[in-house]
There are 2 protein chains.
Amino acid sequence: MSRTLPHPTREQIELPLVLDCLSDPTRLAIVYQLAQQERVSSELCCGDFNGLAGKSNLTYHFAKLRDCGLMQTRVAGTNRFMRLRREDLEARFPGLLDAVLKSAAKDAERLQLVAECDVVETD
Amino acid sequence: MSRTLPHPTREQIELPLVLDCLSDPTRLAIVYQLAQQERVSSELCCGDFNGLAGKSNLTYHFAKLRDCGLMQTRVAGTNRFMRLRREDLEARFPGLLDAVLKSAAKDAERLQLVAECDVVETD
DNA sequence: TCGATAGTTAAATAAACATTGAACATAAGG
DNA sequence: CCTTATGTTCAATGTTTATTTAACTATCGA
């Protein structure tokens, strides 16, 4: 019934929680993917991450990312659209997100962040 | 008997491990304190962090910081001197450590990083 | 050689974490 | 209305984590 989800305010965003969130490979991949697609569209929905983990596991990671202030979730019909809270993060921790994203990009292979580009399903 | 401790090479430093290390408040405080004192002397020994946690707990955190490549430990007599692996981190993840340290500095109070400056013991 | 100092190791514990599967809820579309 | 597609919730699992206490090792200096 709840049309909106709880998010921390900008000021409530905490450094250790953000770092902890980014330290998990699955969540780092989510954030990375979100950042990659940003110039195309600033939002992605849950299903776009199905390659990274099972559905219910993703729900768990999305909640962590939302709770720590890394992303914003918008409910629309049966979909939840997410976007990075770039502005808030930049205001709170200048340069941090970019540094993490650049570092992740450098290690994309090692971290297995390389988007599978919607590989054709072989059913 | 081991005069030297094992450290990862520069190339072996992994982003998720580094972020995870920095996400713990105690370890973030250690790194912050290490960075603060850097212009005075690049090294500090275990005892300099006694305010942050118990001795054996510190040993645990030091090991994590060493294992992930954030700091270097040098054994000298009964002391172990630590320093940040700034160069290696900058080479691997440009701008990351500085961004974290600046973010931490902004939140120093909230994170209780404010060095107690060897407050006089009130016994 | 003795005692103090610096730090490690080991074992125990409680809490937090990531992952899974099954059941559920909600909305869109025929 | 019924079905399908999206995504959530809940409980169970096994793992990792941070912390504490106590016993230990090793070095320095008197």
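Keep in mind it's a predicted model, so treat the numbers as computed, not measured. Below, each value reflects all heavy atoms present in this structure, side chains not excepted, and no hydrogens, waters or symmetry copies. Protein chains get the first letters and strands the later ones, always in sequence-line order, with residue 1 at the start of each.
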Contacts under 3.5 angstrom, residues 13-26 of chain A side chains, donor-acceptor by atom type, not counting sequence neighbours:
from, atom 1, to, atom 2, distance (Å)
Ser23(A), OG, Asp20(A), O, 2.8
Asp24(A), OD1, Thr26(A), N, 2.9
Asp24(A), OD1, Arg27(A), N, 3.1

Inset, instruction - List the protein contact pattern of nucleotides 16-21 of chain D with one symbol per nucleotide (5' to 3'): B for base contact, S for sugar-phosphate-only contact, - for none; contact means a heavy-atom distance under 4.0 Å. - result: -SBBBB
Could you state the [atom1]-[atom2] distance from [X] to [N], rounded to the nearest angstrom?
{"X": "Asn50(A)", "N": "dT19(C)", "atom1": "CG", "atom2": "P", "result": "15 Å"}
{"X": "Arg74(A)", "N": "dA27(C)", "atom1": "CZ", "atom2": "P", "result": "15 Å"}
{"X": "Leu52(A)", "N": "dG7(D)", "atom1": "CG", "atom2": "C1'", "result": "16 Å"}
{"X": "Leu65(B)", "N": "dT8(C)", "atom1": "CG", "atom2": "P", "result": "12 Å"}
{"X": "Leu44(A)", "N": "dG7(D)", "atom1": "CG", "atom2": "C1'", "result": "16 Å"}

Legend entry - Asp48(B) side-chain N/O to Cys45(B) backbone N/O, donor-acceptor pair under 3.5 Å: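 Judged by distance alone, yes, a pair lies under 3.5 Å.
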Inset, instruction - Any chance you could measure Lys106(B), atom NZ, to Lys102(B), atom NZ, to the nearest 0.5 Å? - result: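 Going from the NZ atom of Lys106(B) to the NZ atom of Lys102(B) covers 11.0 Å.
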Legend entry - Under-4.0 Å salt bridge between Glu11(A) and Arg110(B):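 Result for this pair is yes, salt bridge flagged.
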Inset, instruction - Using side-chain contact (heavy atoms from CB on, under 4.5 Å) as the criterion, list what pairs up with Thr73(B), not counting sequence neighbours. - result: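 Expected list: Leu5(B), His7(B), Arg66(B), Met71(B), Arg80(B), Met82(B).
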Inset, instruction - Mind checking side-chain contact (heavy atoms from CB on, under 4.5 Å) for Leu84(B) and listing every partner two or more places apart, or none if nothing turns up? - result: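 If we apply the side-chain contact (heavy atoms from CB on, under 4.5 Å) test to Leu84(B), skipping adjacent residues, the hits are Val31(B), Leu34(B), Ala35(B), Glu38(B), Arg86(B), Leu97(B).
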Inset, instruction - Scan for ring pair (Phe, Tyr, Trp, His ring centres under 6.0 Å) pairs involving residues 44-89 of chain B, sequence neighbours excluded, and state none if there are none. - result: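 Matches after skipping sequence neighbours: Phe49(B)-Phe62(B).
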Quick one: which protein N/O atoms are closer than 3.5 Å to N/O atoms of nucleotides 4-6 of chain C? Pair and distance per line, please.
from, atom 1, to, atom 2, distance (Å)
dA6(C), O4', Thr78(B), OG1, 3.0
dA6(C), O3', Thr78(B), O, 3.4
dA6(C), O3', Asn79(B), OD1, 3.0

Inset, instruction - Provide the closest heavy-atom pair for Phe93(A) versus Ser103(B) in the form atom of the first, atom of the second, distance. - result: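 In this case the closest contact between Phe93(A) and Ser103(B) is CB-OG, 3.2 Å.
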